Amino acid sequence: MKNIVYSRVDDRLVHGQVMTAWVQTTGANCVVIIDNQVAKDTFLQMVMKQSMPGKIKLEVLTIEQAVDYLSKDDPKLKLFILVKTPNVVLELVEKGVDFRSLGVGGMGAKPERSPLYRNISASEDEKAALVKLQEKGLDVFFQVTPDTNKVQLSSVL
């Protein structure tokens with residue numbers, strides 16, 4: 001298994017907070033975005049790669065590619081996993097990928113979502129995915145920035 005230093009749900013994917021705070025705090029040297037749509041969007045990938053600091057590698061993978069990629073060991077890589085929804089992590093876990101924790105940071109308001117915690121919203125399906133991940137033994141928590149306290153899913157739902 002790859003060395004996953006942090007896994008985060010953030011529907012904005014690569015943005016300033018991720019690059020300036022999270023990647024630095026976790027010591028990651030590779031950001032892995034797992035999203036079937038973004039994996040097909042070469043222009044968006046190019047923009048995101050250009051926003052990466054020089055020493056940080058970026059991988060953009062479909063869920064199927066991620067299952068294979070994350071099953072191979074490379075001790076040099078410290079991976080920061082980014083997904084738009086918890087459903088992606090649930091699918092990966094169900095396909096055998098080993099996640100220990102999941103930080104939920106950015107899930108914006110949409111018609112199918114309702115407020116969950118502070119400015120984080122989730123659909124009923126996304127809430128169910130978070131609960132299933134917790135039931136599977138993952139530490140699921142809300143944490144917007146590294147300098148704020150973790151709030152456990154169990155204290156919110």
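What you see is a predicted model, and the numbers here were worked out from it, not measured in a lab. Quick note: numbers below take in every heavy atom, side chains included, and nothing from hydrogens, waters or symmetry partners.
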Q65 vs E59, test: side-chain contact (heavy atoms from CB on, under 4.5 Å). Steps then yes/no.
CA-CA 10 Å; Q65 290 169 330; E59 296 284 349; over 6 Å; no
Kindly indicate whether the side chain of M48, heavy atoms from C-beta on, has any atom under 4.5 Å from the side chain of V38.
yes
Which atom names give the shortest non-hydrogen contact between L61 and A39, and what distance separates them?
C-CB, 3.8 Å
Go through it in stages, so that I can follow the logic: the residues are L130 and L116, the test is side-chain contact (heavy atoms from CB on, under 4.5 Å), and I'd like the CA-CA distance, side-chain angles, deciding distance and then a yes or no.
CA-CA 11 Å; L130 290 168; L116 178 58; 4.0 Å; yes
Apply the side chain to side chain contact (heavy atoms under 4.5 Å, CB included) test between I120 and each candidate in V9, V104, V156, D10; give the one that qualifies.
V104
Can a donor-acceptor pair be found, under 3.5 Å and without considering hydrogens, that links the side chain of N87 to the backbone of A129?
no
Could you check whether any side-chain N or O of N3 sits under 3.5 Å from a backbone N or O of P75, counting only pairs where one atom can act as donor and the other as acceptor?
no
Identify the two heavy atoms, one from G105 and one from V144, that lie closest to each other, and give their separation to 0.1 Å.
O-CG2, 4.5 Å
Is there a continuous path of hydrophobic side-chain contacts, each under 4.5 Å between heavy atoms, that joins L90 to L157?
yes
First locate atom CZ of R8, then atom CG of L13, and finally report the distance between them rounded to the nearest 0.5 Å.
11.0 Å
For the OG atom of S123 and the CE atom of M107, what is their distance to the nearest 0.5 Å?
6.5 Å
Where E126 and P86 come nearest, the two heavy atoms and their spacing:
O-CG, 3.6 Å
Between K57 and M52, what is the shortest heavy-atom contact and its length?
O-SD, 4.4 Å
Which of these passes side chain to side chain contact (heavy atoms under 4.5 Å, CB included) with I63: V83, V89, D35, L92?
L92
Are E124 and K127 close enough for a salt bridge, meaning some N to O gap below 4.0 Å?
yes
Do the rings of F80 and W22 sit parallel, tilted or perpendicular, given the 30° and 60° boundaries?
tilted
Heavy-atom pair with the smallest gap, counting every atom of F141 and S101:
CE2-CB, 4.1 Å
Worked verdict on D139 versus K150 for side-chain contact (heavy atoms from CB on, under 4.5 Å)
CA-CA 10 Å; D139 176 21; K150 290 180 181 182; 4.2 Å; yes
CE on M46 to CG on D41, rounded to 0.5 Å:
10.0 Å
Straight-line distance of D125 CG to R113 CZ, nearest 0.5 Å:
10.5 Å
Which atom pair, heavy atoms only, marks the closest approach of S121 to G108?
CB-O, 3.9 Å
Interatomic distance, SG@C30 vs CD1@I56, rounded to 0.5 Å, equals 8.5 Å
Can you confirm whether L153 sits close enough to L133 that some side-chain heavy atom of one is under 4.5 Å from a side-chain heavy atom of the other?
no
Verdict with supporting geometry, N29 and L77, side-chain contact (heavy atoms from CB on, under 4.5 Å)
CA-CA 6 Å; N29 59 15; L77 290 179; 3.8 Å; yes
One should read off an interatomic distance between I4 CD1 and D98 CG, to the nearest 0.5 angstrom, of 7.5 Å
Under 6.0 Å from the CG atom of N149, do we count more than 12 heavy atoms belonging to anything else shown?
no
In this structure, which one of L70, I33, L102, V88 forms a side chain to side chain contact (heavy atoms under 4.5 Å, CB included) with I81?
L70
